[in-house]
Number of protein chains: 2
Amino acid sequence: MVGRLIAELKQTKPFRSRADEAYLNLVRTADLLKHDVAGFLKPFGLTPTQYNVLRILRGAGGAPKTCGEISERLVTAEPDVTRLLDRIERQGLLDRERSASDRRVVRSRITAKGLDLLATIDQGIDAHQARRLGRLGSERLTQLIDILEDLRA
Amino acid sequence: MVGRLIAELKQTKPFRSRADEAYLNLVRTADLLKHDVAGFLKPFGLTPTQYNVLRILRGAGGAPKTCGEISERLVTAEPDVTRLLDRIERQGLLDRERSASDRRVVRSRITAKGLDLLATIDQGIDAHQARRLGRLGSERLTQLIDILEDLRA
DNA sequence: TGACAATAGTCGTTGAAACGTACATTTCGC
DNA sequence: GCGAAATGTACGTTTCAACGACTATTGTCA
């Protein structure tokens, strides 16, 4: 099989290396999928990162999380978590309160409204992702996950 | 092997689906690699997208390209190619001129300065990528490329 | 030919990302 | 305990991304 990306990007010359080809494929595919998700989330007024934050807070099961904890768990690196949380709070999807014991710390918790919104979105997202990624069988899905985790090890 | 991403994001709960896990792994890995490349390009005053444009123009082998052609070939989708080219032109790395036969069209061409810069950067980038992606053997590299191209088919 | 659609690029505006830095608070070492 | 370092968050500023709307030019076809 001749590299599909070459045709896709209408390139006439091959990549400079196999690693280069893999990198470009990876970045391109991630960009496409992320745009897809972004389009899906848009009607709900959320960006993928904001959706990610809400999932983190829900995953905490009611335990509020600090900015630092949220930052560590974000799938994509974000500077300035403060203003990211500002935007979500402005929509009433999370609450924040300053810790009494350590007054430097601010903890965030998802609100009932946030949980409702997530519940609504999740169904659609899951179906969406299943359609998108389902084309790979479960075996190749596992291979993909394996390789990606290895790449970050 | 237990999903590495779960530990990495300090999640206690598993992903909602295998597709979800693959998606998050993909987006996270691409983000890490792209940040890596961005850090490498920074001293040269280029973003990954700007570097991408210059490579497209060099790949054209002296034939100037229109905004639309550049846009089609970009690895990550960009609205507003005009201002993207503005920023690169401001650094003297490309030239633009309006077509005489179709006065709606503007063609861009990489300058000698742009070619020099690319030549300097390429060596470092290649070594960088080889180090990063080399950890996968050539077989898994091929598997990865295959799966990603399949995912976009 | 002349109205209308399609195409290529540009621009205004809003909001968000990037980056560094600053501030408040706590912890540590002596 | 007192100064210095570390920590957690916030903010100023510059640049960029996103989205629409708009202009200019060319193509279409009745």
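Throughout, protein chains are lettered first and strands after them, A, B, ... in sequence-line order, and every chain is numbered starting at 1. Just so you know, these numbers come straight off a predicted model, no measurement behind them.
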Distance in angstrom units between Glu97(B) CD and dA8(C) P, rounded: 18 Å
Reading 5' to 3' through nucleotides 12-17 of chain D, protein heavy-atom contacts under 4.0 Å coded B for base, S for sugar-phosphate only, - for none: BB--SS
side-chain N/O Arg103(A) vs dA10(D) OP1/OP2, d < 4.0 Å: no
Toward the 5' end of DNA chain D, by each residue's nearest nucleotide, Ala100(B) or Asp86(A): Asp86(A)
Of all pairs that satisfy side chain to side chain donor-acceptor pair (under 3.5 Å), the ones with a partner from residues 104-115 of chain B, not counting sequence neighbours: Asp102(B)-Arg104(B)
Distance in angstrom units between Asp102(B) CG and dT26(D) P, rounded: 5 Å
Residue mapping more 5' on DNA chain D - nearest nucleotide basis, Lys42(A) or Ser101(B): Lys42(A)
Side chain to side chain contact (heavy atoms under 4.5 Å, CB included) partner of Asn25(B), chosen from Asp146(A), Ile147(A), Leu148(A): Leu148(A)
Gap between atoms CD and C1', on Glu72(B) and dG9(C) respectively (whole Å): 15 Å
Exam field: side chain Thr142(A) to backbone Ser138(A), donor-acceptor pair closer than 3.5 Å: yes
d(CG, Asn52(A); P, dA16(C)) in whole Å: 17 Å
Distance-only donor-acceptor test (3.5 Å): side chain Arg104(B), base dT7(C): yes
Touch class at under 4.0 angstrom, heavy-atom based, for Arg107(A) against every strand present: nothing
Verdict with supporting geometry, Leu84(B) and Ile70(B), side chain to side chain contact (heavy atoms under 4.5 Å, CB included): CA-CA 11 Å; Leu84(B) 170 58; Ile70(B) 292 170; 5.7 Å; no
